[in-house]
Number of protein chains: 2
Amino acid sequence: METKKDSTEEKILEAAKNVFVAKGMEGARMQEIADEAGINKALLHYYFRTKERLFEAIFSGIIKLAFPKIMTIVQSEASIVSKIEQIVDAYIDLLIKHPFIPGFVLKELNRDPSGLFKLVVKFGLNPQSVFDQIEQAMDRGEIRRMKPQHLLSNIVSMCVFPFAARPILSFILFKDDPSALEAFYNERATVIKEFVINAIVIKK
Amino acid sequence: METKKDSTEEKILEAAKNVFVAKGMEGARMQEIADEAGINKALLHYYFRTKERLFEAIFSGIIKLAFPKIMTIVQSEASIVSKIEQIVDAYIDLLIKHPFIPGFVLKELNRDPSGLFKLVVKFGLNPQSVFDQIEQAMDRGEIRRMKPQHLLSNIVSMCVFPFAARPILSFILFKDDPSALEAFYNERATVIKEFVINAIVIKK
DNA sequence: GTCTATATCATGATAGAC
DNA sequence: GTCTATCATGATATAGAC
């Protein structure tokens, strides 16, 4: 995205990303994207035939940021606790760099989930192997017994939700103090890791 | 909402709630609301001058479902652990009855948070007293020390996020098996309470 | 209070000149 | 490839009859 190649297509994609992320698929206006890209509406339709196709190009680009990183960690040889720590670190790091992602993805997902489903299938993501790893760690007595789906939901929830609900946190928890909010996000990885480990690791 | 009073205004509110929740503020069409209420578009403008006003009536009605219940628990005399358990139970109970709320609220919040802010101010919700309660329990050695904002974020995240991300859970964790997903939601309160208590309670 | 008809406007999309 | 001009559609909003 940061390439110096300022071709018309690159300018459109950059402008479209900004507008779609800020306004969502339905709120975004082709006119606004054109203005932001410094061109006119007709050119948008020349490069991307419809608004829907332009949106899909942006949306899948954003979703693809998250998946591969997680997959690599899951498929490594580390212990389950170490994997959880790495995933939390990777997630929070990504979210601090792109804090708009959760709100955007949730919004468009509730509007039309089919785009995500196609991507999940395409990546060949297999949750069963993750469930198995968790079950085996439970069998070995390393962590407390619970349905893997609940454990995964808990971890992902704590990582993602505070970014999706940023306006609430900002106003209710931090009285619109931006530096306090930023500090909070920078502490999240450490806090979540400690919280999860206390919750699931069985003390000997 | 369930009153037998089927005046035009009631019919509009009911129809608008369905359409707004399904499509959001921007996706909702006045024509669709009119059809659903069995009237014509012009009457919508007669009862609620603009789409914005109609939306606000629906949105604040939904937000108001959540706040008072939580406030009552917070202001009670129970121990901090007991309050957490009660809040989780109350939250999950509400969300199982109205699973659409999180997605809807997050979507509209990222679009325009001013409506929520007005309501928070109106309810006189004071987070500082909650922070103080948590700090005092830490001083007494009842629970592990951490910033109250993180503890609250963790609890609310685990309650709310799985409902906001329902399409992801359904597809990735439960392969579109609706009964498994329903069972999962029914287990959430128990799982979250156990998880949080293991994470924060200091064993003697 | 309720409705029909219509004015007004914004948007996504296209045709055709250069 | 890029532009200007324009279309077709659908949405909000209002005027005014009953």
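- Per the geometry, CG belonging to B:Asn40 stands 14 Å off P belonging to C:dT6, to the nearest Å.
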*Produce a footprint string for nucleotides 11-18 of chain C: one letter per nucleotide, 5' end first; B if the base is under 4.0 Å from any protein heavy atom, S if only the sugar-phosphate is, - if neither.*
SBBB----
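- A donor-acceptor pair shorter than 3.5 Å cannot be found between the side chains of B:Gln149 and B:Ser153.
- One can place CZ of A:Phe48 at 14 Å from C1' of D:dG1, the figure rounded to the nearest angstrom.
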Enumerate, atom names and distances included, each donor-acceptor pair closer than 3.5 Å involving a side-chain atom of residues 95-108 of chain A, sequence neighbours excluded.
from	atom 1	to	atom 2	distance (Å)
A:Lys97	NZ	A:Asp93	OD2	3.0
A:Glu108	OE1	A:Arg111	NE	2.6
A:Glu108	OE1	A:Arg111	NH2	3.3
A:Glu108	OE2	A:Met25	N	2.9

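- Taking the side chain to side chain donor-acceptor pair (under 3.5 Å) definition, one finds that A:Asn40 meets it with nothing, sequence neighbours left out.
- The distance between atom CG of A:Leu44 and atom P of D:dC3, rounded to the nearest whole Å, is 11 Å.
- Considering only side-chain N and O atoms, A:Thr8 lies under 4.0 angstrom from the phosphate OP1 or OP2 of D:dT2.
- Residues passing the salt bridge (Lys or Arg N to Asp or Glu O under 4.0 Å) test with A:Lys23 are A:Glu32, sequence neighbours excluded.
- Residues passing the ring pair (Phe, Tyr, Trp, His ring centres under 6.0 Å) test with A:His45: none are found, sequence neighbours excluded.
- For B:Asp89, the side chain to side chain donor-acceptor pair (under 3.5 Å) partners at least two apart in sequence or on another chain are B:Lys193.
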